[in-house]
Amino acid sequence: MRIDGLQYANWSEKIFRQLREGGVDAIHVTIAYHENFRETVLNFEKWNRWFEQFSDLILKGQTTADIDTARVTGRTAVFLGFQNPSPIEDDIGLVEIVHTLGARFMQLTYNNQSLLASGCYEDEDTGLTRMGKQVVREMNRVGLVVDMSHSGDRSTIAAADHSDRPIAITHANPHTWAPALRNKRDDVIRAVTENGGMFGFSVYPHHLKGKSECSLQEFCEMVARTAERFGTEHLGIGTDLCQDQPDSVVEWMRVGRWTKEIDYGEGSKSAPGFPDMPEWFRDNRDFSNIERGLRATGLSEAEVGGIMGGNWYRFFSENFGPKATT
């Protein structure tokens with residue numbers, strides 16, 4: 001089983017076919033960065049049209065039963081999520097609405113301070129806000145997963161401790177391996193995994209040691225060493241693949257509407273666009289390279305299978321539905 005915890009590609013029939021060629025059974029895709037509620041609804045509509053137009057390749061994912069269907073019918077189940085809480089605006093009632101529309105993940109921040117928590121680029125991380133604590137509980141209730149991939153350390157630990165259900169970091173790497181602002185320190189990874197959450201390893205070059213020159217062996221050894229520290233059962237892949245996107249999109253991701261200036265994020269003025277992907281992971285047909293590389297580290301077949309998709313499958317099955325009542 002192969003499940004990718006996060007992608008934001010420039011979706012097309014070509015990429016949908018590559019998902020099938022790569023044997024990707026399920027994928028979490030971003031449909032909002034800075035969009036408000038109405039703009040996000042338009043993105044739901046766009047995906048509904050794709051589900052209809054390419055019904056032989058993809059289907060809308062809402063529960064793990066959809067992954068089972070995808071595997072039987074040779075398709076990929078697509079789960080939708082947000083990299084910012086902007087789609088719920090300042091209205092906690094929209095949490096249930098977006099879940100009903102099909103959202104299954106929502107980040108509490110995207111680099112900056114939000115109404116809910118602090119982002120990893122802020123000078124001060126004040127943790128969860130009053131609204132943030134209420135929204136986390138509402139997300140728990142309806143089955144919308146808390147994602148802290150772009151959040152600050154204090155906010156992430158607070159979310160893991162405050163949430164009644166496991167949370168996720170869908171796409172990042174250990175800070176000790178590559179000290180990017182977006183990567184996570186050990187105490188953050190520990191807080192998420194010890195509370196039953198998931199940590200997805202990213203192949204986005206700005207998150208890698210050596211960036212685009214990072215080797216497959218280096219990446220897979222990093223995964224194996226992380227597994228030694230935190231166990232394999234809460235680890236997965238979240239590639240953060242942005243295939244075929246124009247550089248104008250990375251500018252939207254970084255700048256949105258919050259500033260009049262250009263923010264280069266993890267890039268720079270001399271290299272403002274998307275970085276080149278490492279040669280061993282260009283598109284979804286390359287998942288076999290990661291699987292092969294993980295086996296070479298000495299991880300068992302069961303451990304490799306869990307990291308490649310089995311752990312995400314278990315997490316999805318436990319967290320996409322309404323919270324059980326006693």
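Remember, it's a predicted structure, so these values are computed and weren't measured experimentally. Atom set for the values below is all heavy atoms of this structure, side chains included, hydrogens, waters and symmetry mates excluded.
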Q) So, for Trp312 and Gly200, which heavy atoms are closest and what is the spacing to 0.1 Å? A) CZ2-CA, 4.1 Å
Q.
Taking salt bridge (Lys or Arg N to Asp or Glu O under 4.0 Å) as the cut-off, I'd like each qualifying pair that reaches into residues 68-80, sequence neighbours left out, listed once.
A. Asp25-Arg71
Q: Check side chain to side chain contact (heavy atoms under 4.5 Å, CB included) between Ser248 and all other residues, then give those that pass, not counting sequence neighbours.
A: Pro246
Q. ring-ring contact (aromatic ring centres under 6.0 Å, His included) with Tyr204: which residues, sequence neighbours excluded?
A. His206, His207
Q: Taking side chain to side chain contact (heavy atoms under 4.5 Å, CB included) as the test, write out the residues that go with His162, two or more places apart.
A: Leu128, Lys133, Val136, Arg137
Q: Could you list all the salt bridge (Lys or Arg N to Asp or Glu O under 4.0 Å) pairs where at least one residue sits in residues 113-122, not counting sequence neighbours?
A: none
Q: Scan for ring pair (Phe, Tyr, Trp, His ring centres under 6.0 Å) pairs involving residues 134-160, sequence neighbours excluded, and state none if there are none.
A: Tyr110-His150, His150-His171
Q: Let me know which of Thr109, Asp147, Leu6 forms a side-chain contact (heavy atoms from CB on, under 4.5 Å) with Gln83.
A: Leu6
Q. Residues in ring-ring contact (aromatic ring centres under 6.0 Å, His included) with Phe79, at least two apart?
A. Phe316, Phe320
Q.
Looking at Thr129 and Leu115, would you say the former's side chain and the latter's main chain have a donor-acceptor pair under 3.5 Å?
A. yes
(Q) Check for me whether the distance between the ring centres of Phe315 and Tyr313 falls short of 6.0 Å. (A) no
Q) Under the side chain to side chain contact (heavy atoms under 4.5 Å, CB included) test, which residues partner Arg225, sequence neighbours left out? A) Glu221, Glu228, Arg229
(Q) List the residues meeting ring-ring contact (aromatic ring centres under 6.0 Å, His included) with Trp177, not counting sequence neighbours, and say none if there are none. (A) none
Q | Non-neighbouring partners of Glu194 that pass side chain to side chain contact (heavy atoms under 4.5 Å, CB included), sequence neighbours left out | A | Arg190
Q. Salt bridge or not for Glu266 and Arg254, using N-O below 4.0 Å?
A. no
(Q) Tell me every residue that passes ring-ring contact (aromatic ring centres under 6.0 Å, His included) with Trp252, counting only those two or more places apart in sequence or in another chain. (A) His34
Q. Could you state the interatomic distance from OG1 (Thr170) to CD1 (Ile167), rounded to the nearest 0.5 Å?
A. 10.5 Å
Q.
According to side-chain hydrogen bond (donor to acceptor under 3.5 Å, both in side chains), does anything in residues 35-52 pair up with another residue at least two apart or in another chain? List the pairs.
A. Glu39-Arg257
